[in-house]
Amino acid sequence: MSQYEDRQRKFQQAVENKLSAYIQEDKVLQSDVIDAMRYSLLDGGKRIRPMLALAFCELCGGTEEQALPFACAVEMIHTYSLIHDDLPCMDNDTMRRGKPSNHVVFGEDTALLAGDGLLTMAFEAILQPDTVACCGAERAVRAAYILAREAGVYGMVGGQQIDLMSEGRQIPLETLRTMDEYKTGALISAACCMGCIAAGGSDEQVSAAREYALALGLAFQIIDDILDVTGDPEVLGKPVLSDQKSKKCTYVSLLGLDSARKLAASLTEKAVKALESFDGDSRFLKELAVKLGEREN
């Protein structure tokens with residue numbers, strides 16, 4: 001196992017353990033929604049966003065304990081967005097991460113509430129007394145503000161709305177880029193910036209982390225668009241050609257496969273360059289950016 005793989009596994013295991021602690025099975029009247037939250041939150045996934053939070057905290061001289069609540073919070077927000085994305089009123093996808101979507105198993109009503117529950121639990125994780133005692137009130141509040149902003153109408157939710165408005169329409173590349181900076185890049189940005197904040201990083205470090213994140217997030221979305229055309233559904237864990245069926249504009253439809261691949265590679269280079277602002281060991285974050293550009297799922 002390489003050093004990168006070892007650290008990746010370490011980060012992922014820490015996140016899995018902490019997420020399980022946040023949302024335990026409970027035999028209460030509302031246990032159905034808790035089960036639905038656990039079904040989507042604890043089913044694995046790549047855990048890219050929480051890993052970024054942990055890695056940037058470490059890069060800024062912080063500890064895993066300081067970053068874990070922030071890392072888990074951003075994963076909760078991400079998971080809620082996936083549950084809602086799959087609903088019939090949105091993308092109407094029946095598979096997610098290789099198994100039936102949340103609403104297929106629990107029904108649309110409970111799936112909707114499961115997403116709502118994860119959204120609110122994210123801020124509970126950041127602002128609970130244990131987190132404040134570990135990180136300090138100022139860092140916790142700053143992190144909560146960043147996550148709220150990047151998850152809201154000028155972030156992920158805004159990107160989702162632009163996506164809905166763009167279905168079946170030919171949109172310019174600039175609009176597509178804005179949509180993806182919000183829809184995909186915003187939560188990645190939140191994760192990176194929150195990691196720096198957890199460690200008490202400087203404003204310059206937070207700014208560099210955001211630059212890395214926005215380039216990485218856009219490259220990530222471009223690769224998603226490419227895989228929707230070229231990927232294997234078994235490897236992806238979800239259907240392919242869904243963008244084409246929904247008549248969505250993508251980087252592939254606007255630029256073609258070759259140009260889309262070149263743009264993703266250029267953005268990956270930009271992300272790696274942003275790490276030059278840090279004095280610490282950034283090899284994990286560099287390799288993560290490269291691997292995400294080469295992924296098959």
Side-chain angles (χ1 to χ4, degrees), residues 1-25 34 37-82 97 118-119 121-136 139-140 142-144 146-147 150-151 187-201 205-206 209 212-213 216-217 220 275 278 280-292 295 297:
M1 183 184 298
S2 69
Q3 185 178 26
Y4 170 84
E5 291 171 330
D6 183 59
R7 292 185 68 197
Q8 179 186 39
R9 181 169 295 185
K10 175 178 174 290
F11 285 150
Q12 288 173 334
Q13 190 58 58
V15 170
E16 298 299 337
N17 292 341
K18 191 70 171 178
L19 287 173
S20 295
Y22 278 129
I23 183 165
Q24 299 180 18
E25 291 183 276
I34 295 172
M37 291 163 69
R38 287 175 55 85
Y39 176 83
S40 292
L41 185 66
L42 305 181
D43 73 343
K46 293 181 281 291
R47 305 304 194 202
I48 291 166
R49 292 155 191 81
M51 281 199 297
L52 286 168
L54 294 174
F56 268 103
C57 182
E58 186 178 88
L59 184 59
C60 293
T63 66
E64 184 178 278
E65 183 185 10
Q66 289 173 309
L68 266 174
F70 301 166
C72 290
V74 77
E75 186 67 9
M76 290 172 188
I77 297 281
H78 175 56
T79 302
Y80 118 72
S81 76
L82 299 181
R97 292 172 173 170
L118 288 169
L119 169 59
M121 183 174 281
F123 295 98
E124 180 183 347
I126 294 175
L127 297 171
Q128 68 179 21
D130 287 350
T131 305
V132 173
C134 179
C135 298
R139 294 181 193 177
R142 188 179 178 192
I146 284 177
L147 185 58
E150 300 291 8
L187 278 193
I188 291 176
S189 175
C192 297
C193 294
M194 289 164 70
C196 293
I197 289 166
Q205 288 174 321
V206 173
Y212 170 93
L216 184 73
F220 187 92
L275 296 171
F278 295 90
D281 183 356
S282 61
R283 285 177 295 177
F284 176 82
L285 286 164
K286 289 176 182 175
E287 193 163 349
L288 176 60
V290 172
K291 287 186 178 296
L292 287 178
R295 67 192 173 91
N297 63 14

Original post:
So which pairs with a foot in residues 16-25 pass salt bridge (Lys or Arg N to Asp or Glu O under 4.0 Å), sequence neighbours left out?
Top reply: Glu16-Arg47
Original post:
Of all heavy-atom pairs between Arg38 and Gln24, which one has the smallest distance, and what is that distance?
Top reply: NH1-CA, 3.5 Å
Subject >> Close side-chain approach of Ile48 and Arg295, heavy atoms under 4.5 Å >> reply: no
**OP:** Taking the side chain as every heavy atom from C-beta outward, state whether Met76 and Ile23 have any atom pair closer than 4.5 Å.
**Re:** no
**OP:** Flag the pair Leu54 / Val15 as yes when at least one side-chain heavy-atom distance between them is below 4.5 Å, and no otherwise.
**Re:** yes
**OP:** To the nearest 0.5 Å, tell me how far Thr79 OG1 sits from Leu42 CG.
**Re:** 8.5 Å
**OP:** Run the numbers on Val74 and Leu52 for side chain to side chain contact (heavy atoms under 4.5 Å, CB included), then give the verdict.
**Re:** CA-CA 10 Å; Val74 77; Leu52 286 168; over 6 Å; no
Original post:
In a check of ring-ring contact (aromatic ring centres under 6.0 Å, His included) between Phe56 and each of Phe11, Phe284, Tyr212, which one passes?
Top reply: Tyr212
Original post:
About how many Å separate CG of Asp130 and SG of Cys135, when rounded to the nearest 0.5 Å?
Top reply: 10.5 Å
**OP:** Report the residues that fulfil ring-ring contact (aromatic ring centres under 6.0 Å, His included) with Phe220, sequence neighbours left out, ordered by chain and then residue number.
**Re:** none
Subject >> salt bridge (charged side-chain N to carboxylate O under 4.0 Å, His left out) partners for Glu124, two or more places apart >> reply: none
Original post:
Atom SG of Cys193 and atom CD1 of Ile188: how far apart are they, to the nearest 0.5 Å?
Top reply: 12.0 Å
Original post:
For the atom pair CD1 (Ile146) and CD1 (Ile197), what is the distance rounded to the nearest 0.5 Å?
Top reply: 3.0 Å
Original post:
With a 4.5 Å heavy-atom cut-off, do Val132 and Ile126 have their side chains touching?
Top reply: no
Original post:
How close do Ala14 and Leu68 get, heavy atom to heavy atom, and via which atoms?
Top reply: O-CD2, 3.8 Å
Original post:
Should we say atom CD of Glu287 is surrounded by more than 12 heavy atoms from elsewhere, each under 6.0 Å from it?
Top reply: yes
Original post:
Taking atom NZ of Lys46 and atom CG of Leu288, what is their separation to the nearest 0.5 Å?
Top reply: 11.5 Å
Original post:
Any donor-acceptor pair under 3.5 Å linking the side chain of Thr63 with the backbone of Gln66?
Top reply: yes
Subject >> Shortest non-hydrogen separation from Glu65 to Cys134 and the atoms involved >> reply: CG-SG, 3.7 Å
Original post:
In Å, rounded to the nearest 0.5 Å, how long is the span from CE of Met37 to CG of Leu118?
Top reply: 4.0 Å
Subject >> Shortest non-hydrogen contact from Phe70 toward Ala140 >> reply: CZ-CA, 4.0 Å
**OP:** Could you tell me which non-hydrogen atom of Ala151 sits nearest to which non-hydrogen atom of Ile77, and how far apart they are?
**Re:** CB-CG2, 3.9 Å
Original post:
Just by distance, do the side chain of Thr131 and the backbone of Ala125 share a donor-acceptor pair under 3.5 Å?
Top reply: yes
Original post:
Looking at Cys196 and Gln205, what are the two nearest heavy atoms and their distance?
Top reply: SG-O, 3.9 Å
Subject >> Minimum side-chain heavy-atom gap Tyr80-Ser40 below 4.5 Å >> reply: no
Original post:
Do Glu75 and Tyr22 come within less than 4.5 Å of each other through their side chains, counting heavy atoms only?
Top reply: no
